[in-house]
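Structure first, then comments.
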Amino acid sequence: MITSTRRVSPDKSEVRIAFSLDDTSGIHTRIRESVQVYKEHCRMAREFHQVKHDIAVLEDRKRKLLAELVEDEKVAVEIARLEEEFRRLMEENRTLVTVHNERAQQLETLCLTSRTTQDSS
């Protein structure tokens, strides 16, 4: 424990204050505690900065993944559009092949009818 002694000169023109250490083990204990608190503070500051860094890395990764997701959604929309166009074109192709076959058969029938008519005359 720190104690102070106050001495005043007989004519009261001078005041002297003296400090003495009565309990040096108490001071050493407080110093050790202060050092421990300081070391703990340093450790916590390092952890805080590491966590801040980790958060920044994760936020950057999140931003990149969201950008990829947006791009994937655009690709999915384009694929769906192309699949629909393919389905429509396949249906149109089937219709055209059917009409072509019908017209080819009609042409063949007309040609045969025309020959038969020419042969009869």
Without placing hydrogens or testing angles, list every side-chain donor-acceptor pair under 3.5 Å for residues 104-113, not counting sequence neighbours.
| from | atom 1 | to | atom 2 | distance (Å) |
| --- | --- | --- | --- | --- |
| T109 | OG1 | Q105 | O | 2.8 |
| T113 | OG1 | T109 | O | 2.7 |

Practice problem: State the CZ-CG distance between R94 and L89, to the nearest 0.5 angstrom. | Solution: 11.0 Å
N/O donor to acceptor pairs below 3.5 angstrom from side-chain atoms of residues 44-58, sequence neighbours left out:
| from | atom 1 | to | atom 2 | distance (Å) |
| --- | --- | --- | --- | --- |
| E47 | OE1 | R43 | NH1 | 3.2 |
| E47 | OE2 | R43 | NH1 | 2.2 |
| Q50 | NE2 | D54 | OD1 | 2.8 |

Quiz prompt | Pairing of R88 and E92 as salt bridge, 4.0 angstrom limit | solution = yes
Quiz item: When rounded to the nearest 0.5 angstrom, what is the spacing between CD in E68 and CZ in R63?
Solution: 10.5 Å
Quiz item: Between E84 and R81, is there a salt bridge with N-O shorter than 4.0 Å?
Solution: no
